[in-house]
Amino acid sequence: MQDYRTIIERLNLLPHPEGGYYRRHWQSDIEAEAKDSQGRIIHPIRSIGSSILYLLPSHEVSAWHRVSCDEMWHFYAGSSLRILTLSSNNELGEFVLGNRLELSEMPQIIIPRSTWFCAEVMNADSYTFCGCTLWPSFSYADFDLADREMLIQSFPHHRTVIERIFEKSNKF
């Protein structure tokens, strides 16, 4: 497997606040308001979409966070990526982003807006190279990193996995 540092260098990726490395790759020049299914404006006029290139080395995690936009993850190369979600009905979801369809991996995964989630590379001494596309366009105003105690208080049945990811995120 290619050394992940080569990809970071060639694509000029920068450290991401949630862990890993990224670079904005695309942002639409079309702008619009975003409304929910009841017609309420949830995002004022802004670009309708954007995407990043994202690389996560196996010694890091993408920490628990949420974005108030719908987000699609796309698999490009490297090891498969486990994505964990915490839903509003207190369920823990687990999805695997990858290209081994025979193992039920998916090359694209959708994270609904405002869903808490995290990600970890499944194989040691490796990395996952993927992309993330958001609708509407990403803004740090829409991004929340989770507070450990708040997340545990909101999802007490999933304390073990929440703490495991927080422990891994504190190691880098």
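Please read these numbers as outputs of a predicted model, since none were measured by experiment.
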task = Examine Y21 together with H16 and report whether their ring centres are nearer than 6.0 Å.
result = no

key: E120 and R164 ion-paired at < 4.0 Å   = yes

key: Charged N-O contact under 4.0 Å between R148 and E167   = yes

task = Salt-bridge test for E163 and R159: reply yes if a basic N is under 4.0 Å from a carboxylate O, no otherwise.
result = yes

request  = Kindly determine whether W116 and T85 satisfy side-chain contact (heavy atoms from CB on, under 4.5 Å), including the steps that lead there.
outcome  = CA-CA 6 Å; W116 289 108; T85 62; over 6 Å; no

inquiry  = Could you see if F155 belongs to whatever hydrophobic cluster contains I152? Use Ile, Leu, Val, Met, Phe, Trp, Tyr and a side-chain cutoff under 4.5 Å.
reply    = yes

ask   = Could you walk me through whether S58 and S126 pass the side-chain contact (heavy atoms from CB on, under 4.5 Å) check?
value = CA-CA 5 Å; S58 58; S126 64; 4.1 Å; yes

query = When you measure from the side chain of S50 to the backbone N and O of S137, does any donor-acceptor pair fall under 3.5 Å?
reply = no

message = Please find the pair of heavy atoms, one from G19 and one from L56, that lie closest to each other, and give the distance.
response = C-CD1, 4.1 Å

query = Hey, is the main chain of C132 close enough, under 3.5 Å, to the side chain of H25 for a donor-acceptor pair?
reply = no

query = H74 versus S51: any side-chain heavy-atom pair under 4.5 Å?
reply = no

inquiry  = Y54 and ring-ring contact (aromatic ring centres under 6.0 Å, His included): which single residue from F129, W73, F75, Y127 fits?
reply    = W73

query = Which of parallel (below 30°), tilted (30 to 60°) and perpendicular (above 60°) describes Y140 and F143?
reply = perpendicular

remark   = Heavy atoms of N90 and S154 approach each other most closely as OD1-O, 4.1 Å

query = Do the side chains of I45 and I48 join up, straight or via other hydrophobic residues, at under 4.5 Å, putting them in one cluster?
reply = no

Shortest non-hydrogen separation from A63 to C118 and the atoms involved = C-CB, 3.9 Å

ask   = Would you say the side chain of E71 lies within less than 4.5 Å of the side chain of F138, judging by non-hydrogen atoms?
value = no

Heavy-atom pair of closest approach, residues I52 and R24 = CG2-CA, 3.8 Å

ask   = Where do T128 and L55 land on the side-chain contact (heavy atoms from CB on, under 4.5 Å) test, with the steps shown first?
value = CA-CA 6 Å; T128 301; L55 186 140; over 6 Å; no

query = Would a 4.5 Å heavy-atom cut-off, applied to side chains only, mark D125 and H59 as touching?
reply = no

query = Does the side-chain contact (heavy atoms from CB on, under 4.5 Å) test come out yes or no for L86 and W64, once each step is laid out?
reply = CA-CA 9 Å; L86 294 168; W64 288 107; 3.7 Å; yes

ask   = CD1/I83 to CD1/I109 distance, rounded to the nearest 0.5 angstrom?
value = 4.0 Å

remark   = Looking only at heavy atoms, the pair that brings H65 and V67 closest together is CD2-CG2, 4.2 Å

ask   = If you look at every heavy atom in D70 and R113, which pair is closest and at what distance?
value = OD1-N, 3.0 Å

query = Under the 3.5 angstrom rule, does the side chain of T115 hit a backbone N or O of P112 as a donor-acceptor pair?
reply = yes

key: Distance-only side-chain donor-acceptor flag, S47 / E31, under 3.5 Å   = no

Show me the donor-acceptor pairs, under 3.5 Å and distance only, between side chains in residues 94-102 and residues at least two apart or in other chains.
{"residue": "E94", "atom": "OE2", "partner": "R82", "partner atom": "NE", "Å": "3.0"}
{"residue": "R100", "atom": "NE", "partner": "E105", "partner atom": "OE1", "Å": "3.4"}
{"residue": "R100", "atom": "NE", "partner": "E105", "partner atom": "OE2", "Å": "3.0"}
{"residue": "R100", "atom": "NH2", "partner": "S80", "partner atom": "OG", "Å": "3.4"}
{"residue": "R100", "atom": "NH2", "partner": "E105", "partner atom": "OE2", "Å": "2.6"}

query = Using 4.0 Å as the upper bound for N to carboxylate O, is an ion pair formed by R66 and D144?
reply = yes

query = For the atom pair OG (S28) and CG (L134), what is the distance rounded to the nearest 0.5 Å?
reply = 13.0 Å

query = So how far is it from E33 CD to I41 CD1, rounded to the nearest 0.5 Å?
reply = 3.5 Å

ask   = Do the non-hydrogen side-chain atoms of T133 and W135 ever get within less than 4.5 Å of each other?
value = yes

request  = Would you check if the side chain of R46 reaches a backbone N or O of A32 as a donor-acceptor pair within less than 3.5 Å?
outcome  = no

